[in-house]
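Read the structure below first, then the notes.
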Amino acid sequence: MKLLRDALAESYPGVTVDWSRLETPPSHELGLLASPVSFELARHLGESPRDVANKTVSSMRFGNTRLVEEARAEGPGYINFYPRYSLFAKHTLVSVEECGEGYGFVPVEAPERIIVEHTSANPIRPLHIGTARNSVIGDSLARLLEKRGHRVRRHFYIDDTGRQTALVAYGYSKLSCPQPEGKPDHFVGAIYAITNCVLEVRRLKKLIEWKESSPERDEAGLQKLKASLDDWIGVAQELSQRYPEIFSTLSKALAEDEDPEEEVNKLIRGYETGEDWAKKLVRQVVEICLEGFRETLSKAGIFFDSWDWESELVWSGRVSRVVDELRRTGFVKSVNGALELDAEAAVEELGLRQLLGLGESEIPPLTLVRSDGTTLYTTRDIAYSLLKFEQADRVISIIGIEQTLAQQHLRIALCLLGKRDEALKYVHFGYELVKMKGVKMSGRRGRYVTFDEVMEEAVKRAYEEVSVKSPQLPEEERRKIAEKVGIGAVKYALISVDPSKPVVFSWERVLDFEQNSAPFVQYAHARACNILKKAEELGVERGDPDFEKLSSPIERELVFDVARFPEVFIDSADNLKPSQIADFANSFAAKFNSFYTSFPVIRAEDVGTRSARLALVNAVRIVLKNCLYLMGIDAPTRM
RNA sequence: GGGCCCGUGGCGCAGCCUGGAUAGCGCGCCAGCCUCCGGAGCUGGUCGUCAUGGGUUCAAAUCCCAUCGGGCCCGCCA
């Protein structure tokens with residue numbers, strides 16, 4: 001650094017440029033670090049970058065710089081720095097030795113209290129592969145921020161008010177509130193899908209009947225309705241085959257009801273106003289479903305610090321207080337008995353367009369309260385975000401990209417309420433949905449691939465694999481390893497793709513145990529562990545490591561990667577990009593595997609080399625383990 | 001109609017924010033490698049108009065504009 005600055009000062013006195021930026025050259029044959037400073041200078045001076053670089057290099061004085069061996073002007077004008085590799089390796093590996101297992105987790109100077117809200121799936125059906133993406137990304141973000149030194153809390157928002165939970169609770173009551181059969185959330189999911197389907201068929205039939213008898217027949221509309229009815233009848237057949245008992249009991253019970261829609265509406269209102277009978281019923285069903293969620297999530301190694309009930313926000317008056325406060329801002333008007341927030345006017349008045357990054361278009365209004373007095377989802381979410389800011393400096397909500405507009409509304413409302421700083425500290429971490437090849441996933445139709453079955457299948461596959469590769473291991477251990485490997489593979493598949501890209505689910509993808517997968521990284525880790533364990537068992541002689549001997553390109557690259565892991569971590573945590581960890585871990589593991597096949601460690605030619613390589617292997621082990629940890633993936637020592 | 005996001009070898013992806021050195025990686029395909037710390041591995045090869053067309057720049061996958069494809073949103077649903 002100083003070297004470069006002084007040389008610049010000498011060659012180009014009086015010119016100030018940002019000399020501090022350093023890049024990594026494309027290949028290690030071009031040194032370890034590169035300065036692009038000549039490009040900048042060349043622009044100002046009108047000289048060619050290469051000339052500038054040459055001139056700068058020639059005036060460098062290496063006097064008391066020990067770590068840098070040489071600098072050269074190369075390529076179009078880069079100044080490449082070549083380190084004294086042995087010293088660099090020594091610094092790096094000694095530093096790993098000192099930090100131990102915590103190596104690389106560089107804490108921020110000013111920790112924040114951060115709430116990461118994730119998963120928050122509607123408690124009416126099992127977690128599916130789409131929500132799994134949310135959980136896995138959210139969990140990884142929480143881990144990254146926590147290791148970065150922030151005080152992180154993970155919150156699950158239970159969306160228990162509104163039509164969906166009321167519908168399933170209604171169906172459940174028609175079954176006479178039985179004990180769940182099978183996994184609780186799957187049971188609830190079946191009731192939801194069946195109730196919804198039966199009611200939908202009934203509604204469509206009535207509608208068609210009525211339309212047919214009406215004087216002015218709209219043939220096109222009628223055809224559409226009939227097609228829709230056929231679709232739902234098909235769904236009914238699927239469901240009756242999958243759940244014959246629940247289906248027949250439920251459809252009989254529902255048929256007896258005069259007006260199921262009204263029953264459901266009564267339940268929605270009763271629950272929102274906090275009537276005991278409604279509370280008891282809805283809570284019972286939701287709790288059953290949550291029990292299933294907890295089971296699934298705990299299997300996936302994902303845990304929460306807080307489960308926040310949406311209904312509590314309503315009952316405690318927080319939601320109505322928010323509505324009142326918003327009314328006082330003057331941007332809320334009554335439209336046909338409902339309350340509407342004029343978001344566009346608010347944005348203009350407060351000058352929020354740029355501040356919140358809202359783009360050019362007009363922001364549509366937001367309905368806060370229905371004409372029947374009940375509130376809407378976004379309204380309750382505004383109240384929720386205020387609650388979160390009572391406990392945190394920053395809030396990160398992992399929510400599907402399709403809710404972008406609602407999330408913008410939320411932040412506008414926060415500004416209106418005088419919480420401008422909070423609005424800026426509120427991050428909607430959007431992610432694209434997971435789609436199925438061929439069929440469309442549809443919760444309402446009971447068509448989804450559950451997180452449970454994906455994990456189960458992956459674990460099964462991993463078990464077969466481990467049994468083939470390591471038949472000598474006891475059954476019990478093979479099962480444990482299969483859990484870690486299978487679930488790791490699923491998580492890795494979901495984390496490694498940028499959240500802004502839609503994922504098409506395929507078994508092939510999550511069951512990939514080859515390169516660029518969790519098992520690949522885990523395998524490299526297990527190999528490192530194995531070498532260290534063997535060395536221990538054999539009691540090989542260890543002496544002063546001779547870092548001079550870590551001189552092959554691949555060893556140098558490994559050392560360099562170990563050295564830059566802290567930076568990768570910081571970057572990934574501060575930019576909220578878990579996929580960068582996956583990327584780094586994969587290429588790092590590949591390098592280690594390459595090293596592994598070509599260089600003996602325990603049988604290295606002399607004690608100094610052996611000790612140096614053992615130190616390197618240990619550093620690799622720690623870095624791999626920490627990468628896996630950040631993705632929420634277990635690192636077995638054998639597999 | 002308006003807004004936002006995405007478009008990189010046959011397939012799946014990284015790089016784009018912060019422009020620079022031959023565009024990385026995996027799968028697939030082809031050819032090799034287990035008397036040697038475990039082959040879920042390794043080595044080599046094959047595969048590219050970075051959607052298209054302009055612009056800015058000494059330099060564009062990267063920044064700007066337009067066009068074309070795909071997705072999402074624009075609800076008194078969540």
Side-chain angles (χ1 to χ4, degrees), chain A residues 21 23 25-27 30 34 36 38-39 42-43 46 48-49 74-78 80 122 159 161-164 310 335-340 357-378 380-381 399-406 408 430 432-433 435 462 465-466 468-470 472 485 489 493 496-498 500-504 506 508-509 512-517 519-524 526-528 530-535 538 540 575 579-580 582-583 586-587 589-590 593-604 613 617 638-639:
Chain A
R21 219 177 90 229
E23 299 171 6
S27 150
L30 293 168
S38 333
F39 297 111
R43 183 168 39 235
S48 94
E74 282 165 322
Y78 280 99
N80 292 333
N122 293 339
D159 187 10
T161 61
R163 183 180 157 83
Q164 294 190 308
E310 187 180 32
V335 178
N336 300 325
L339 291 181
E340 217 176 73
L358 295 176
E360 304 291 304
S361 73
E362 194 176 308
I363 310 291
L366 167 70
T367 304
L368 295 167
V369 182
R370 293 189 187 92
S371 45
D372 71 354
T374 56
T375 53
L376 283 102
Y377 174 80
T378 305
R380 301 188 292 259
D381 206 10
I399 299 174
I401 205 89
E402 74 279 6
Q403 288 199 39
T404 303
L405 177 62
Q408 283 174 348
E432 270 285 356
L433 302 184
K435 286 153 201 175
E465 190 85 11
V466 74
V468 172
K469 309 284 180 189
S470 308
Q472 79 285 0
V485 171
S496 59
V497 180
D498 189 282
S500 72
K501 309 228 174 163
V503 168
V504 177
S506 75
E508 206 176 69
R509 186 191 198 100
D512 175 19
F513 290 2
E514 294 181 46
Q515 191 159 158
N516 204 5
S517 74
F520 178 77
V521 178
Q522 288 170 317
Y523 185 62
R527 281 178 144 180
N530 204 43
I531 293 175
L532 296 167
K533 194 171 142 231
K534 275 259 154 67
L538 295 172
V540 296
N575 295 316
S579 61
Q580 286 184 355
D583 236 35
N586 179 59
S587 67
N593 276 333
S594 169
F595 162 79
Y596 180 94
T597 41
S598 26
F599 295 95
V601 176
I602 292 169
R603 263 161 258 182
R613 284 187 185 156
V617 170
R638 286 193 285 185
M639 57 190 281

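The sequence lines fix the lettering, A, B, ..., with proteins before strands; numbering per chain opens at 1.
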Can you tell me how far [atom2] of [N] sits from [atom1] of [X], to the nearest Å?
X        : N     : atom1 : atom2 : value
A:Ile401 : B:G71 : CD1   : C1'   : 11 Å
A:Glu362 : B:G2  : CD    : P     : 14 Å
A:Phe599 : B:G41 : CZ    : P     : 20 Å
A:Ile531 : B:C36 : CD1   : P     : 15 Å
A:Gln515 : B:C13 : CD    : P     : 17 Å
A:Tyr523 : B:C42 : OH    : C1'   : 10 Å
A:Asn586 : B:C27 : CG    : P     : 10 Å
A:Arg527 : B:A40 : CZ    : P     : 7 Å

Where does B:C34 land, syn or anti, given syn is within 90° of 0? syn
Determine: side-chain N/O of [X] to OP1/OP2 of [N], distance under 4.0 Å, yes or no.
X        : N     : result
A:Lys534 : B:G38 : yes
A:Lys501 : B:G70 : no
A:Ser594 : B:U43 : yes
A:Thr597 : B:C42 : no
A:Arg370 : B:C77 : yes
A:Tyr377 : B:C76 : no
A:Asn516 : B:C25 : no

Can you find a heavy atom in the side chain of [X] that is under 4.5 Å from one in the side chain of [Y]?
X        : Y        : value
A:Ile531 : A:Arg527 : no
A:Val485 : A:Val466 : no
A:Gln403 : A:Asp381 : no
A:Arg370 : A:Leu376 : yes

Strand partner of [N], provided both Watson-Crick or wobble distances fall under 3.5 Å:
N     : result
B:C42 : B:G32
B:C76 : none
B:G7  : B:C68
B:G20 : B:C58

Regarding A:Arg638 and A:Ser470, is there a side-chain donor-to-acceptor distance under 3.5 Å anywhere? no
Between B:A21 and A:Tyr78, is there a base-stacking contact, meaning the centre of the base's six-membered ring lies under 5.5 Å from the residue's ring centre while the planes stay under 30° apart? yes
From C-beta outward on A:Asn336, which listed nucleotide comes closest to its side chain: B:C72, B:C42, B:C76? B:C76
Looking at the side chain of A:Phe520, which of B:C73, B:C76, B:G41 is the nearest nucleotide? B:G41
